[in-house]
Engineer: 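Supplied in structure tokens, the structure appears directly below.
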Amino acid sequence: MEATLTSLLMGFSAAAVPENLFYAFIGCITGTIVGVIPGIGPLVGISVLLPATYGLSVTQALVVLAGVYYGAMYGGAITSILLKIPGDAAAIVTCIDGNAMARNGRPGVALATAALSSFTGGTISIIGLMLLAPPLARLALKFGPAEYFSLIFCGLIILSYMTGGSFLKSFSMILVGLILGLVSIDHMTGYYRMTFGIVHFGDGLDIVAVAVGMFGICEILSSAGQHHSEKVIVPKLRELFPTGKDIRQAAPAIGRGNLIGFFIGIIPGAAHIISTFVAYSVERKLAKDPSRFGKGAIEGIAAPESANNSASISSFIPMLALGIPTGPIPAILLAAIMIQGIKPGPMFITEQALTFWTLIASMFIGNLILLTLNMPLVSIFVNLLRIPYHILYPAILVFCVIGCYGPKASYINVIVMAVMGIFSYVLRKLEFEAAPVILGLLLSPLLEFNFRQGLALSNGSFAIFVERPLSLFFLCCAALLIIMSIRGYYKKRNQEQQPVLQEESV
Amino acid sequence: MAIDRLSGFVLIVIGALVICNIFVLPFGSPHRPGPAFFPVILGCAAILAGLGLVATGGKSKKISEINWGISKHTVSILGGCLFAAIFMEIIGYRLTMLIMLAFFFLYLEKMNRILALLLTVALSLGSYVIFVDGLKLYLPKGPWGF
Amino acid sequence: MKTRSCIHVLAVALFTVTLFALPGVGAAADYPSRSIEIVVPYPPGGVVDLIARPFAMELNKVLNVPVPVMNKPGAAGAIGAKAVASAKPDGHTILINLGSMPTIPEVDTLFGRPRVYDMKDFYPLARLTSEPMFLIVKKDAPWKTFEEFVKDAKANPKKYKYASSGLYTPLHLCAELVTHTIGTEFIHMPTGGGAPAMNALLGGHVDFLIAANWSYPHLLSGDARALAVTSVKRSKVFPDIPTMKECGLNIEFYQWVGLFIHSKTPKEVLEKLRAAITTVTQSKAFHDALMNIGSPMEFLDADSFAAFMKEDFERNMAVVNMIGKLE
């Protein structure tokens, strides 16, 4: 413990010089701006600043890149809360309660909660990373294809509880998302699958186009034209910050979201996005009064924001402990380290102790700067809501189009965005939720790939999914949840029939 | 008809379509599942879920009670997206946006002429500057270099 | 009052924007005019990815535009290759891929399905590295030498498992070559790329792996051991590992990483790019980065690369034909 603290102090002394603080600041600002724009995520921000970091030292480069990453995580929450349009896929869940709270006249509280939750989640996660990186990485390795499949399947069942409507309706939406995720070149064999001859679909439906379409376009479709003589939300100064009661309500949610994000982040794949969905579902299931969710429950903002910052940090663990990056952003960091002549790999933490601890320290600093940057800016951001909607929505449309076209230079993406917007609009009218579709889309390739790999590994035997203990555990959890929901349905039906019977007997 | 029932039927149709569409691909065997394996499972799951919705959906709202809310705004927004998608690569980003925004601000929202023009130009050209010169993204130029 | 302040703000914004926009109109279409994207058709962390990133950084220094690296994994590199073949042929999208690149379309034909991409869609820009493969096992595996492994494998067909980066990728082809030469059977688990395959080995889900030098951080740390190497001469980096030929198996296999671009790219752009790439390969930073992952530079420029690829292709097709159709 002492050795850890001394190493950490060493890292801080290297990281916390004024120059580095300045670079962290630049990183955070770029990240926030980039995160705010729908469809443009941290990768773009990092790509923009990366060339500028070549001339910098390792510490400075890491500090900038870390700042961009967290900045983007928070930036996405800003548009989610104020406009119900996700800045990136990780901010989708924040749209639900975040925007509801904003409409209730408390946008400042929502923004501040998001900032605080992100900071807390991130900080605690960094401590976790510091202390637990190598053993956790080894644990992550124990997850083979069968375990991943069962974990994701169980996760999907949990997530069917995430919306207030019936389990069956949410599950159906997840299925639709899974089916949409089938559109691509098959990853294992190379056949074109359900692409209808459109070459662009070889890569699969772009998650950004679908998310921006289902949330952004759908939102302006529903709201445009209804707002003419409207009461623009004018926030009052004293309502800009959370009260003690708010904080007390949010604190446990932050803690739970943190834990969920931390563990899910280690899994390769779109971990920080998935962690937001799971954190939200868990809060909703555990709440004493679930009907508050969807109407501005503070836990609905605190948990996902805490989870996604937490997951972004723990996603570095396999990269730092083993030299194996789990996603494009850890890979960029890995390359940034490599180009400075430092060997990544299992020996990194021990041999390159100074760099490791400087990285840790710069993560703390980045998080802190983000918080201090954004809290005062809350009052500026909320003024965005003062812009009359009839001016705002065409601007939003422009940014959505750019966000979908830009990264891949694909006009097909813009069409996908429009189509998904219509689809989401119809879903809304039919009283279905859109969020589970995105989740299904994200998880479909993972679910299928691990399923087929598991079967390849077991040479055709389905028993592998129940033979391996972790896998069996997750499948049992899933089975339990399904049984619970069926029981719940019958109980509700009986309750509804009881008063009828009583009336008849009178 | 109750909307949940309708949704259930649609889901069954989706499941059936997936299965029919995918059967041209090899199904494979359990020890090496082919590209059609998982889609067939999903298709069957969709059909089952659809049946579940049809069975339990009797008490939901009726279709006739839905307020579709289709206004000239909804049509314009969708039209705008499609217009942008198709024409951006033909006449360039800036020109497309100028036309699209002019439509929205001047015609649809009937705003004050000067303000509308200012906004149109500022958003179209400004967004190009931010994204292409600032963020180094790619937005297409038209045949005249604009 | 609201409207007036809006106009005020917008007027200022418009003025500022116009200042920037004017020089931009009619800007010269010089190469490179925007960021150059490098497509890695495998998940992050594998050899292709680890070579692509330092390369991108150096190319950025030479050409002065951002060079982002995009991972587009799947289908043994076909998805990423297709993405580059469908991109605009203006020199701003480069593919970096493995030696399996020419064989994958042949595999498509073997299966009677439409080719995802064809080699004639591409122009070979340069070969960056070329290295032999190692047979790697976990540190607590029961075999101490390659001969022990061969004997055990022969005696227990279908008992041992290996992971690869996908069907018909170099890791798979080489493993199949070993399988056939030994005369036994293994269970094959395809993954999305080199990094997941290494994860599978380290997690104990498979028994061995055929991988190239880039696995060398794990070899150095002792988490994994190499039993044999597939080159003719022993590796300079690991001189104690015997070659497979020394152990009695007539196997020779190399994996290379090369750069490709759309075949319709204009000639002037190609020349500029080739010159830039040559400059990058001469940079010390790039050399060091490659040495850090254990893949020393073996640069071949476009024409020599094309000739080398042809010869290597014949070698690989021999293996593919030997394996035949594997689902």
Side-chain angles (χ1 to χ4, degrees), chain A residues 34 40 44-45 47-48 166 168-169 171-172 175-176 178-179 182 186 188-189 191 193-194 217 220-222 224-226 390-391 393-395 397-402 405-407 409 411-415 417-418 421-422 425 429-432 447-448 451-452 455-456 458-462 489, chain B residues 3-4 6-7 11 14 18 21-22 25-26 29-35 37-39 42-43 45-46 49-50 52-53 56 60-61 66-69 71-74 76-78 80-82 84-86 88-89 97 100-101 104-105 109 111 119 123-124 127 131 134-140:
Chain A
V34 150
I40 314 251
V44 172
S47 304
V48 168
S166 82
L168 196 53
K169 285 177 96 164
F171 187 67
S172 307
L175 274 179
V176 170
L178 287 174
I179 290 176
L182 291 175
D186 175 42
M188 254 200 199
T189 52
Y191 285 94
R193 201 161 61 166
M194 288 171 51
I217 300 294
I220 57 180
L221 281 175
S222 311
Q226 331 280 35
H390 64 269
I391 297 184
Y393 83 82
L397 189 59
V398 170
F399 287 113
C400 285
V401 168
I402 298 179
Y405 180 88
Y411 71 94
I412 303 265
N413 262 359
V414 181
I415 298 183
M417 173 188 86
I422 301 175
Y425 187 79
K429 296 293 175 192
L430 291 179
E431 294 180 1
F432 279 94
L447 196 66
E448 176 182 18
F451 178 67
R452 288 160 80 179
L455 284 180
S458 69
N459 213 15
S461 148
F462 282 90
Y489 170 74
Chain B
I3 52 174
D4 282 358
L6 173 69
S7 316
L11 201 54
I14 292 179
V18 166
N21 222 305
I22 212 79
L25 296 177
S29 60
H31 95 269
R32 185 71 85 211
F37 202 87
F38 199 68
L42 282 184
L53 276 177
T56 62
S60 53
K61 215 156 75 162
I66 298 179
N67 167 23
W68 289 102
S71 62
K72 55 182 187 206
H73 285 88
T74 29
S76 304
I77 292 175
L78 288 173
C81 292
L82 291 174
I86 299 172
M88 244 195 327
E89 290 191 343
M97 284 301 156
M100 190 182 92
L101 287 173
F104 274 104
F105 287 131
E109 298 295 337
M111 280 167 56
L119 278 170
L123 273 173
S124 323
S127 57
F131 286 92
L135 289 175
K136 304 274 194 280
L137 231 55
Y138 171 71
L139 287 172

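Atoms considered below: every heavy atom in the structure, side chains included; atoms not considered: hydrogens, waters and symmetry mates.
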Engineer: Any idea which of Val34(A), Ile402(A), Ile415(A) has the most non-hydrogen atom pairs under 4.5 angstrom with chain B?
Structural biologist: Ile402(A)
Engineer: Rounded to the nearest 0.5 Å, what separates atom CZ in Phe38(B) from atom CG in Leu447(A)?
Structural biologist: 4.0 Å
Engineer: How long is the straight-line distance from NE2 of His390(A) back to CZ of Phe104(B), given to the nearest 0.5 Å?
Structural biologist: 13.5 Å
Engineer: Can you tell me how far apart CG (Leu119(B)) and CD1 (Ile391(A)) are? Round to the nearest 0.5 Å.
Structural biologist: 5.5 Å
Engineer: With a 4.5 angstrom heavy-atom cut-off, is it the side chain or the backbone of Leu175(A) that approaches chain B, or both, or neither?
Structural biologist: side chain
Engineer: Classify the ring geometry between Phe131(B) and Phe399(A) as parallel (under 30°), tilted (30 to 60°) or perpendicular (over 60°).
Structural biologist: tilted
Engineer: Do you know which of Ala45(B), Gly80(B), Pro140(B) has the most heavy-atom pairs with chain A at a distance under 4.5 angstrom?
Structural biologist: Pro140(B)
Engineer: Under 4.5 Å heavy-atom distance to chain A, tell me which part of Leu53(B) shows up: side chain, backbone, both or neither.
Structural biologist: both
Engineer: Roughly how far, to the nearest 0.5 Å, is NZ of Lys169(A) from CD1 of Ile3(B)?
Structural biologist: 5.0 Å
Engineer: Is there a side-chain contact between Val401(A) and Met97(B), using heavy atoms and a 4.5 Å cut-off?
Structural biologist: yes
Engineer: Please classify the contact of Asp4(B) with chain A as side chain, backbone, both or neither, using a heavy-atom distance under 4.5 Å.
Structural biologist: side chain
Engineer: At a heavy-atom separation under 4.5 Å, does Leu455(A) approach chain B through its side chain, its backbone, both, or neither?
Structural biologist: both
Engineer: With only heavy atoms counted, which part of Ile217(A) is less than 4.5 Å from chain B, the side chain, the backbone, both or neither?
Structural biologist: side chain
Engineer: Between Ile66(B) and Leu430(A), is there a side-chain heavy-atom distance shorter than 4.5 Å?
Structural biologist: yes
Engineer: Atom CG in Leu221(A), atom CD1 in Ile77(B): separation rounded to 0.5 Å?
Structural biologist: 5.0 Å
Engineer: Just verifying a value: how many Å separate Asn21(B) CG and Arg193(A) CZ, rounded to the nearest 0.5 Å?
Structural biologist: 11.5 Å
Engineer: Taking Leu11(B), Thr56(B), Ile14(B), Ile22(B) one by one, which has the highest count of heavy-atom pairs under 4.5 Å against chain A?
Structural biologist: Thr56(B)
Engineer: Where is the tightest heavy-atom contact between Leu78(B) and Ala418(A), given as atom of each residue plus distance?
Structural biologist: CD2-O, 3.9 Å
Engineer: Just so I understand: if I count every heavy-atom pair under 4.5 Å between each of Gly52(B), Cys81(B), Ala85(B), Gly50(B) and chain A, which residue has the most?
Structural biologist: Ala85(B)
Engineer: Report yes if some heavy atom in the side chain of Phe37(B) is under 4.5 Å from a heavy atom in the side chain of Arg452(A); otherwise report no.
Structural biologist: no
Engineer: What option among Met100(B), Lys72(B), Glu89(B) has the most heavy-atom pairs under 4.5 Å with chain A?
Structural biologist: Glu89(B)
